[in-house]
Peer 1: 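Got a structure here, written out as structure tokens. Questions coming.
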Amino acid sequence: MNIDKEAILEKGFLDIEIDARLDLFAEIERLKKEKNAVILAHYYQEPDIQDVADYIGDSLGLAQQASKTDADIIVFAGVHFMAETAKILNPTRKVLLPDLKAGCSLADSAPAPLFRAFKEKYPDHLVVSYINCSAEIKALSDIICTSGNAEKIIESIPANQPIIFAPDKNLGAYLNKKTGRKMVLWNGACMVHEIFSLEKITKLKIRHPKAKLIAHPECEEAVLAVADYIGSTTQLLKYSQTDSCQEYIVATETGILHQMQQNSPNKTFIPAPPNNSCACNDCPHMKLNTLEKLYICMQYETPELIMDETLRLQAKKSMDRMMDISRKAGLIG
Ligand code: 13P
Ligand code: SF4
């Protein structure tokens, strides 16, 4: 088939009709074996994609899996910065993303030229950036962190060393509180985690007095202040499995509820209500990926994540520091 690369770049994916009678689950399994491909999926992907994935995880777990896989093809069912991370850590693999336009509002909130100018105002500061940022921002950073290792990363830095934290101001404020640091914060945020309504959560808690509120640290301070537990998606999932409570209000993207419900079928999980008239705390970027697009990208091996090698090597330094500290702290194997 003649593949129009320009059209793919414009649309974000190869837009072709597929036979509606195809069993996509079986086809995807066949393609995995035929092409020695591994599917890495984030918890915010739609349930069908989670069900065909070889590994589902948070950003730290996904980065580790991407770095150590010996598959020829990494199919990244997540967003653009995650596929970039896989390429940075494992450049000899072909990295595919079902929809190249699956971006991230948080990563978009830190354009590299503006961030470079901001950084110049603080020449003595070390730059710690949350993994939800572009490769250009990673290249401008000293250490990367994820929600699963952020505290350990900050604690590994001498107390007298001033720090800039980017791009998530909510995670940064949470870390300042937890570690007692006074990091300078870049003013970015995630559109999904900023949408929760404290007023509606409070009312929901009154109706469900036994339910615990579990929240992702990308949520605003007011929501985190009333949370019973705060953690990365993997940490929230583990907590919901091991904790004795039977009911949870979950303040993060709704995709995670699929694994929570599967792992604890007798517990009740209620998505935290957003501050709008619909119940849409789905990430519109994550949800651009579909099972059809996943199948097409595996079948035709497009779109592929291509990265400039100079940029990759610059971005790799801060990623390597994160992986080293995480290994030493026992957070990854
Ligand atoms: P984690 O899964 O690493 O907690 O990150 C959440 C998120 O917003 C990913 O985009
Ligand atoms: Fe980005 Fe937020 Fe979507 Fe995660 S949930 S990909 S941080 S916009």
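For clarity, every value in this text was computed on a predicted model and none was experimentally measured.
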Peer 1: Do side-chain atoms of R181 reach the backbone of N176 as a donor and acceptor pair under 3.5 angstrom?
Peer 2: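 Here the side-chain-to-backbone pair does not exist.
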Peer 1: Does this structure show an ion pair linking E253 with K287, if we count only N-O contacts that are shorter than 4.0 Å?
Peer 2: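 Yes, E253 and K287 are salt-bridged.
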Peer 1: Compare every heavy atom of S141 with every heavy atom of S318, then report the nearest pair and how far apart it is.
Peer 2: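 For S318 and S141, the tightest heavy-atom pair comes out as CB-O, 3.4 Å.
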Peer 1: Please answer: with hydrophobic residues joined when any side-chain heavy atoms are less than 4.5 Å apart, are I153 and I332 in the same cluster?
Peer 2: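 Yes, I153 connects to I332 through the hydrophobic network.
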Peer 1: Taking only residues two or more places apart in sequence, or in another chain, which ones meet K317 in a salt bridge (charged side-chain N to carboxylate O under 4.0 Å, His left out)?
Peer 2: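 Salt bridge (charged side-chain N to carboxylate O under 4.0 Å, His left out) check on K317 returns nothing, list empty.
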Peer 1: Mind checking salt bridge (charged side-chain N to carboxylate O under 4.0 Å, His left out) for D243 and listing every partner two or more places apart, or none if nothing turns up?
Peer 2: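 Per chain and number, D243 pairs via salt bridge (charged side-chain N to carboxylate O under 4.0 Å, His left out) with K212.
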Peer 1: Roughly how far apart are M322 CE and I131 CD1, rounded to 0.5 Å?
Peer 2: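 Those atoms lie 4.5 Å apart.
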Peer 1: Has K138 got a side-chain atom pairing as donor or acceptor with Y130's backbone, closer than 3.5 angstrom?
Peer 2: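 Checked: no pair found.
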Peer 1: More than 12 heavy atoms of other residues, nucleotides or ligands under 6.0 Å from NZ of K205: is that the case?
Peer 2: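 For K205, atom NZ is crowded (more than 12 foreign heavy atoms under 6.0 Å).
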Peer 1: Hey, what do you get for CD1 (I56) to CD1 (I39), rounding to the nearest 0.5 Å?
Peer 2: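 The CD1 atom of I39 is 10.5 Å from CD1 of I56, to the nearest 0.5 Å.
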Peer 1: Sub-3.5 Å donor-acceptor pair from the side chain of K94 to the main-chain atoms of I74, do we have one?
Peer 2: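 No; judged by distance alone, with no hydrogens or angles, the pair does not exist.
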Peer 1: Show the nearest heavy-atom pair for residues H216 and S147, with the distance to one decimal.
Peer 2: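 H216 and S147 have their closest heavy atoms at NE2-OG, 3.4 Å.
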Peer 1: Clusters formed by hydrophobic residues whose side-chain heavy atoms approach within less than 4.5 Å: which one holds Y122, and what are its other members?
Peer 2: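 Once heavy-atom contacts under 4.5 Å are chained together, Y122 belongs with L114, F115, F118, V127, I137, L140, I164, V184, W186.
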Peer 1: Kindly compute the distance separating CD1 (I144) from CG (L60), expressed to the nearest 0.5 Å.
Peer 2: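 The CD1 atom of I144 sits 12.5 Å away from the CG atom of L60.
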Peer 1: Looking at residues at least two apart in the chain, or sitting in another chain, which of them share a ring pair (Phe, Tyr, Trp, His ring centres under 6.0 Å) with Y248?
Peer 2: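 Testing Y248 for ring pair (Phe, Tyr, Trp, His ring centres under 6.0 Å), a comparison that skips the adjacent residues, returns F269.
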Peer 1: Within the 3.5 Å criterion, strictly below it, is a donor on S326 or N149 matched to an acceptor on the partner's side chain?
Peer 2: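 Side-chain D/A pair, S326 to N149: present.
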Peer 1: Side chains of Y174 and E218: is there a donor and an acceptor less than 3.5 Å apart?
Peer 2: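 E218 and Y174 do not have a side-chain donor-acceptor pair below 3.5 Å.
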Peer 1: I'd like to know if L224 and L204 are part of one continuous hydrophobic network [Ile/Leu/Val/Met/Phe/Trp/Tyr, side-chain heavy atoms within less than 4.5 Å].
Peer 2: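 Not linked; separate clusters.
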Peer 1: Tell me whether N90 contacts the main-chain N or O of A86 through its side chain, where contact means a donor paired with an acceptor under 3.5 Å.
Peer 2: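 Looks like no, no N/O pair under 3.5 Å.
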Peer 1: For Q64 and G333, indicate whether the former's side chain and the latter's backbone hold a donor-acceptor pair under 3.5 Å.
Peer 2: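 Answer holds: yes.
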Peer 1: Mind checking ring pair (Phe, Tyr, Trp, His ring centres under 6.0 Å) for H208 and listing every partner two or more places apart, or none if nothing turns up?
Peer 2: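 Scan of H208 (ring pair (Phe, Tyr, Trp, His ring centres under 6.0 Å), adjacent residues dropped) gives none.
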Peer 1: Could you tell me which residues satisfy ring pair (Phe, Tyr, Trp, His ring centres under 6.0 Å) with H42, sequence neighbours excluded, listed by chain and number?
Peer 2: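 H42: ring pair (Phe, Tyr, Trp, His ring centres under 6.0 Å) contacts with Y44.
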Peer 1: Linking I/L/V/M/F/W/Y whenever their side-chain heavy atoms sit closer than 4.5 Å, directly or via other members, would M260 and I270 fall into one cluster?
Peer 2: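 In one cluster with M260: I270, no.
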Peer 1: Can you name the side chain to side chain contact (heavy atoms under 4.5 Å, CB included) partners of A251, sequence neighbours left out?
Peer 2: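 Applying side chain to side chain contact (heavy atoms under 4.5 Å, CB included) to A251 gives F196, L213, A215, C219, V223, A272.
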Peer 1: Under the salt bridge (charged side-chain N to carboxylate O under 4.0 Å, His left out) rule, collect the residues that match up with R21, sequence neighbours excluded.
Peer 2: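 Once residues adjacent in sequence are excluded, the partners of R21 under the salt bridge (charged side-chain N to carboxylate O under 4.0 Å, His left out) criterion are D19.
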Peer 1: Please report the interatomic distance CZ(F13) to SG(C297), rounded to the nearest 0.5 Å.
Peer 2: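 Spacing of CZ (F13) from SG (C297) equals 12.0 Å.
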Peer 1: With side-chain contact (heavy atoms from CB on, under 4.5 Å) as the test, would you mind laying out the steps for T85 and F76 before giving the verdict?
Peer 2: CA-CA 10 Å; T85 303; F76 217 114; 6.0 Å; no
Peer 1: Provide the closest heavy-atom pair for P217 versus S232 in the form atom of the first, atom of the second, distance.
Peer 2: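 Residues P217 and S232, closest heavy atoms: CD-N, 4.4 Å.
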Peer 1: Considering only heavy atoms from C-beta outward, does the side chain of M191 approach that of D108 to under 4.5 Å?
Peer 2: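 Result no, sub-4.5 Å side-chain heavy-atom pair not found.
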Peer 1: About how many Å separate CG of L22 and CD of Q299, when rounded to the nearest 0.5 Å?
Peer 2: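 Atom-to-atom, Q299:CD and L22:CG are 9.0 Å apart.
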Peer 1: Does D308 have any side chain to side chain contact (heavy atoms under 4.5 Å, CB included) partners at least two apart in sequence or in another chain, and if so, which?
Peer 2: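 In terms of side chain to side chain contact (heavy atoms under 4.5 Å, CB included), with neighbours along the sequence ignored, D308 is linked to T310, L311.
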Peer 1: Answer yes or no: is there a donor N or O on one side and an acceptor on the other, between the side chain of T69 and the main chain of A66, under 3.5 Å?
Peer 2: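 Between the backbone of A66 and the side chain of T69 there is no qualifying donor-acceptor contact (under 3.5 Å).
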Peer 1: Indicate yes or no: does E84 engage K87 in a salt bridge with an N to O separation below 4.0 Å.
Peer 2: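 The answer is no: the pair does not qualify as a salt bridge.
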Peer 1: Verify the neighbour count for atom CD of E221: are there more than 12 heavy atoms of other residues, nucleotides or ligands below 6.0 Å?
Peer 2: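 For E221, atom CD is not crowded (no more than 12 foreign heavy atoms under 6.0 Å).
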Peer 1: Among side-chain atoms of D58 and T233, is any donor-acceptor pair under 3.5 angstrom?
Peer 2: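 Their side chains do not contain a donor-acceptor pair, so the 3.5 Å distance test is not met.
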Peer 1: Tell me if a side-chain donor or acceptor on Q50 pairs with a main-chain N or O of Y43 at a distance below 3.5 Å.
Peer 2: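 Between the backbone of Y43 and the side chain of Q50 there is a qualifying donor-acceptor contact (under 3.5 Å).
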Peer 1: Residues two or more places apart in sequence or in another chain: which of them pass ring pair (Phe, Tyr, Trp, His ring centres under 6.0 Å) with Y295?
Peer 2: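 Applying ring pair (Phe, Tyr, Trp, His ring centres under 6.0 Å) to Y295 gives none.
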Peer 1: Applying side-chain contact (heavy atoms from CB on, under 4.5 Å), run through T302 and L96 and close with a yes or a no.
Peer 2: CA-CA 6 Å; T302 191; L96 304 175; 5.7 Å; no
Peer 1: What are the two closest non-hydrogen atoms of K152 and I325, and how far apart are they?
Peer 2: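 For K152 and I325, the tightest heavy-atom pair comes out as O-CG2, 4.3 Å.
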Peer 1: Residues in side-chain hydrogen bond (donor to acceptor under 3.5 Å, both in side chains) with R30, at least two apart?
Peer 2: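 Only E27, E34 meet the side-chain hydrogen bond (donor to acceptor under 3.5 Å, both in side chains) criterion with R30.
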Peer 1: Check whether L288 and L9 end up in the same hydrophobic cluster, where Ile, Leu, Val, Met, Phe, Trp and Tyr are linked by side-chain heavy atoms less than 4.5 Å apart.
Peer 2: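 Per the 4.5 Å side-chain linkage, L288 and L9 are not co-clustered.
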Peer 1: Does one hydrophobic cluster hold both V95 and I3, with members joined at side-chain heavy-atom distances below 4.5 Å?
Peer 2: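 Shared cluster, no.
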Peer 1: Would you check if there is a donor-acceptor pair between the side chains of T254 and D282 at a distance under 3.5 Å?
Peer 2: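 Judged by distance alone, the side chains do pair up.
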Peer 1: Please report the shortest heavy-atom distance between I201 and P273, naming the atom on each side.
Peer 2: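 In terms of heavy atoms, the two residues are closest at CG1-CD, 3.8 Å.
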Peer 1: Pick one: which of M298, K35, E301 meets side chain to side chain contact (heavy atoms under 4.5 Å, CB included) with V75?
Peer 2: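 The side chain to side chain contact (heavy atoms under 4.5 Å, CB included) with V75 is passed solely by M298 among M298, K35, E301.
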Peer 1: Out of curiosity, D168 CG to L106 CG, how far, rounded to the nearest 0.5 Å?
Peer 2: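 These two atoms lie 4.5 Å from each other.
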Peer 1: How far apart are the closest heavy atoms of A37 and D54, and which atoms are they?
Peer 2: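 In this case the closest contact between A37 and D54 is O-OD2, 4.3 Å.
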Peer 1: Using a cut-off of 6.0 Å, state whether more than 12 heavy atoms not belonging to E199 lie near its atom CD.
Peer 2: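 Not more than 12 within 6.0 Å, no.
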Peer 1: Could you tell me whether D324 and R327 make a salt bridge, using a distance below 4.0 angstrom between a side-chain N and a carboxylate O?
Peer 2: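 So D324 pairs with R327 through a salt bridge.
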Peer 1: Any luck finding a side-chain donor-acceptor pair between T146 and S59 under 3.5 Å?
Peer 2: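 On atom types as modelled, these side chains do not qualify, holding no pair under 3.5 Å.
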Peer 1: Are any non-hydrogen side-chain atoms of L24 and I18 less than 4.5 angstrom apart?
Peer 2: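 L24 reaches I18 side chain to side chain.
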Peer 1: Is atom CG of D23 surrounded by more than 12 heavy atoms (other residues, nucleotides or ligands) closer than 6.0 Å?
Peer 2: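 Counting other residues, nucleotides and ligands, CG of D23 exceeds 12 neighbours.
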Peer 1: Please say whether more than 12 non-hydrogen atoms of neighbouring residues, nucleotides or ligands are located less than 6.0 Å from CD in E10.
Peer 2: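 No.
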Peer 1: Should N281 and H193 be marked as a side chain to side chain donor-acceptor pair (under 3.5 Å) after you check the CA-CA gap, both sets of side-chain angles, and the distance that decides it?
Peer 2: CA-CA 8 Å; N281 38 358; H193 289 88; over 6 Å; no
Peer 1: Which residues satisfy the salt bridge (charged side-chain N to carboxylate O under 4.0 Å, His left out) test with D228, sequence neighbours excluded?
Peer 2: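 In terms of salt bridge (charged side-chain N to carboxylate O under 4.0 Å, His left out), with neighbours along the sequence ignored, D228 is linked to no residue.
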Peer 1: Judged by modelled atom types alone, do N289 and Q45 share a side-chain donor-acceptor pair under 3.5 Å?
Peer 2: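 A pair is found: one side chain offers a donor N or O, the other an acceptor, under 3.5 Å apart.
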